[in-house]
Enquirer: 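Handing you this structure, nothing more for now.
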2 protein chains.
Amino acid sequence: MPTIYDVAREAGVSAATVSRVLNGARTVDPAMVARVLTAVRELGYRPNAVARNLRRSRTTLWAVIISDIGNPFFTATVRGIEDVAQQAGYSVVLCNSDEDPAKEETYVAAALSEQMAGVIISSSGSAKAAKSLLDSPIPVVAIDRQLPRGEADTVVVDNEAGAGTATRHLLDAGYRRVACITGPEGVSTADLRLRGYTSALSACQPPGEPLIVRTDFREQGGYDAMGSLLSSAERPDAVFVANNLMTVGALRCLADHDVRVPAEMGVVGFDEIPWADLVRPSLTTVAQPTYELGRMAARLLVDRIATPAGRPARVVLPAELRPRQSSAFQHNAR
Amino acid sequence: MPTIYDVAREAGVSAATVSRVLNGARTVDPAMVARVLTAVRELGYRPNAVARNLRRSRTTLWAVIISDIGNPFFTATVRGIEDVAQQAGYSVVLCNSDEDPAKEETYVAAALSEQMAGVIISSSGSAKAAKSLLDSPIPVVAIDRQLPRGEADTVVVDNEAGAGTATRHLLDAGYRRVACITGPEGVSTADLRLRGYTSALSACQPPGEPLIVRTDFREQGGYDAMGSLLSSAERPDAVFVANNLMTVGALRCLADHDVRVPAEMGVVGFDEIPWADLVRPSLTTVAQPTYELGRMAARLLVDRIATPAGRPARVVLPAELRPRQSSAFQHNAR
DNA sequence: GTGAAAGCGCTAACAC
DNA sequence: GTGTTAGCGCTTTCAC
């Protein structure tokens, strides 16, 4: 691998001049610029970013640590991040913690060691990872989920309101016993969506106790949770599921047990799913402005890099109910 | 940020000793090890990976450049890669080229500049990116799609055979005019799946010409392609779609035009979809061993890093037809 | 077993 | 406008 000195020798200039040319300084003689560029091309020279980063003590890489790469929610979010990042001159690398706090800690450690320019994280709940991040000088933005006890810039949707809307929607449709499947304690989306559900429920005062199952945010978890609801003493006639993957699992469980949706079981899932309108019955969801979430997070990160001090911002975007067939109570079907 | 010298001073040893302790050299006095570790903890010292990478001229990061982060195919693949990488002591960062050759080139350039330990790439077709990669000393493994004219380690499925099986399956089911929606020219999966389709078709000699639409590998492309097939002079009664996202688009188009599947249109899609069995009709697919693809690619990369020279390996895994309802021709429905 | 010193490749003062 | 020089933080000979 040729170094900047090889280029300098080839072009008959100093390494400093090569550096200037490559970094777009305008105080260089056009003739020299040409010579340098020729040498660069001939040698196939590629600047060593590691050396540059060390010298500058900064990098142009953002780490985006997401809790599940298989979740379509993150797809659009990441696109939003990438679009802003690119414009601001950063490259985005994705790290998949897979809902595993240990993996999350590994990636946080890597991002810090590698002196990444910034981190955007959807926490899988590791307090240790959060602490490392907040103790470091590296700018952090929390997205989708709050950082455990974290004073950081944050972009989320109004989870509580969205969950409340979904629950009321089921009650309004005529379902009488609405259950809730939510995620792990300590993960903000799980807790807030649960709170939205319980608030809506207690406001309507339906008979019986709230029926709540906590599991992980994954498909298998949703499947198992639905299974336990089906065999519970007072079986629900509707369920609000707090994320998309668990909703898929719940639907699969209902299909396996020949439970008809929406006649025997109404279903609303949090998070949009790309094919929600293709399944039969089509799936009622609470949709988030994913792309916009990503954009906002990226903008906050750009700002935070420019201004490290200052009070953390907190952006709350609205979530929106998309009523479809899976929550359409049918009297004659009962 | 404390440096290794701060730790050395605090512990009353030299920086070299700190380095030895942190890198697990056994030739260090246990008492010193203890002092160093205490100092590390007290100062909250975190080694600067950038400096280490520069000094060692190697890193422990792999770049996995995938063509579409929204494609569930890559989800499982990435998990396979991560599991092997972690065991071998590497961290994986994902780069999303979004089927955009320009973005791909950007990420390849970043991976090379950052001196990544290795690259696993699902090419979106950029010859320039491929050339940069192959000209560099960094080990590369192509996954899912061959690198344009690339002599690199490669892990793919038998696309031609899989496409042939899918096409024959439709013909055997009784469909008479089977069309094909495939991806961009120059992307190996698009070309090979098309070839598998045409071979199977010509072997069966159905009436009429093959009906082929090329588009990108994205959902909207599939939607548009299906639309043009529906309005073509000799409208097909079945379609083989060469990837999952385009299949979703095609299904959506069929739904929008009230075309009944499988009665009026048989559908088989390449790539499994997590919810293929949840849609009605359920979707016939050609499934790939995604996790295994990822594992193999990662193993090849580990080997290649250990042994940079030597003939490139080429691993071809089988794809498997999963017949479901969308390809079940029904005589009485016609 | 431990420390001193050199240097990975680059950039940014500083001098001219 | 260009070159010389120092040094980013670490690892790794090489002495001792």
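Here is the naming used below: chain letters follow the sequence lines, and residue numbers restart at 1 for every chain.
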Enquirer: Which residues within residues 41-52 of chain A lie with some heavy atom under 4.0 Å of an atom in DNA chain C?
Expert: A:Tyr45, A:Pro47, A:Asn48, A:Ala51, A:Arg52
Enquirer: Examine the side chains of A:Ser124 and A:Glu104 and answer whether a donor and an acceptor come within less than 3.5 Å of each other.
Expert: yes
Enquirer: Counting only heavy atoms and a strict 4.0 angstrom limit, can you tell me which residues of residues 17-33 of chain A come near DNA chain C?
Expert: A:Ser19, A:Arg20, A:Asn23
Enquirer: Among residues 109-118 of chain A, which residues get a heavy atom nearer than 4.0 Å to DNA chain C?
Expert: none
Enquirer: Side chains of A:Tyr291 and A:Asp83: any donor to acceptor distance under 3.5 Å?
Expert: yes
Enquirer: Nearest 0.5 Å please: distance from the CD1 atom of A:Ile66 over to the CZ atom of A:Phe74.
Expert: 6.0 Å
Enquirer: Any base atoms under 4.0 Å from B:Thr3, or only sugar-phosphate, or nothing? Heavy atoms, all strands.
Expert: sugar-phosphate
Enquirer: Could you tell me from which nucleotide to which nucleotide of DNA chain D, 5' to 3', there is an atom under 4.0 Å from chain A heavy atoms?
Expert: D:dG1 to D:dG9
Enquirer: Between which nucleotides of DNA chain C, 5' to 3', does chain B make heavy-atom contacts below 4.0 Å?
Expert: C:dG1 to C:dG9
Enquirer: Could you check A:Gln146 against A:Arg314 for side-chain hydrogen bond (donor to acceptor under 3.5 Å, both in side chains), going step by step and ending with a plain yes or no?
Expert: CA-CA 10 Å; A:Gln146 259 157 260; A:Arg314 184 183 159 80; 3.2 Å; yes
Enquirer: For residues A:Arg149 and A:Ala127, report the shortest heavy-atom separation together with the two atoms involved.
Expert: NH2-CB, 3.6 Å
Enquirer: For the residue pair A:Asp191 and A:Pro184, what are the closest heavy atoms and their distance?
Expert: OD1-O, 4.1 Å
Enquirer: To the nearest 10°, let me know how far the axis at one end of the helix from C:dG1-D:dC16 to C:dC16-D:dG1 is tilted from the axis at the other, five pairs an end.
Expert: 40°
Enquirer: To the nearest 0.5 Å, tell me how far B:Leu245 CG sits from B:Asn71 CG.
Expert: 4.0 Å
Enquirer: For the backbone of A:Asp98 and the side chain of A:Asp68, can you confirm whether one donor and one acceptor N or O come within less than 3.5 Å of each other?
Expert: no
Enquirer: Not counting sequence neighbours, list each pair that qualifies as a ring pair (Phe, Tyr, Trp, His ring centres under 6.0 Å) and has a residue in residues 13-66 of chain B.
Expert: B:Trp62-B:Tyr90
Enquirer: Restricting to pairs with a member in residues 113-131 of chain A, which pass salt bridge (charged side-chain N to carboxylate O under 4.0 Å, His left out), not counting sequence neighbours?
Expert: A:Glu105-A:Lys128, A:Lys131-A:Asp135
Enquirer: Under the side chain to side chain donor-acceptor pair (under 3.5 Å) definition, can you give me all pairs with a residue in residues 8-18 of chain B, not counting sequence neighbours?
Expert: B:Asp6-B:Arg9, B:Ser14-B:Thr17
Enquirer: Scan residues 7-14 of chain A against DNA chain D and write down, sorted by residue number, each residue with any heavy atom closer than 4.0 Å; if none is found, say none.
Expert: A:Val13, A:Ser14
Enquirer: Considering residues at least two apart in sequence or located in another chain, which fulfil the side-chain contact (heavy atoms from CB on, under 4.5 Å) criterion with A:Asp29?
Expert: A:Ala31, A:Met32
Enquirer: Between A:Leu54 and B:Ala51, which heavy-atom pair has the shortest distance, and what is it?
Expert: CD1-CB, 3.8 Å
Enquirer: Mind checking the CG-OG spacing from B:Leu147 to B:Ser126? Nearest 0.5 Å is all I need.
Expert: 9.0 Å
Enquirer: Please round to the nearest 0.5 Å and tell me the distance separating atom CE of A:Met116 and atom CG of A:Asn53.
Expert: 9.5 Å
Enquirer: Give a yes or no on whether a salt bridge exists between B:Glu99 and B:Arg145, defined as a side-chain N under 4.0 angstrom from a carboxylate O.
Expert: yes
Enquirer: Under the side chain to side chain contact (heavy atoms under 4.5 Å, CB included) criterion, do A:Asn96 and B:Arg79 qualify, and how do the steps go?
Expert: CA-CA 9 Å; A:Asn96 175 33; B:Arg79 292 229 170 86; 4.3 Å; yes
Enquirer: Quick one: pull up CG in B:Asp153 and CE in B:Met296 and give me the separation to the nearest 0.5 Å.
Expert: 9.5 Å
Enquirer: For B:Arg56, which residues count as a side-chain contact (heavy atoms from CB on, under 4.5 Å) partner, sequence neighbours excluded?
Expert: B:Asn23, B:Arg52, B:Arg58
Enquirer: Please determine whether side chain to side chain contact (heavy atoms under 4.5 Å, CB included) holds for the pair B:Asp144 and B:Val156, giving the CA-CA distance in whole Å, both sets of side-chain angles, and the decisive distance to 0.1 Å.
Expert: CA-CA 5 Å; B:Asp144 178 46; B:Val156 290; 5.8 Å; no
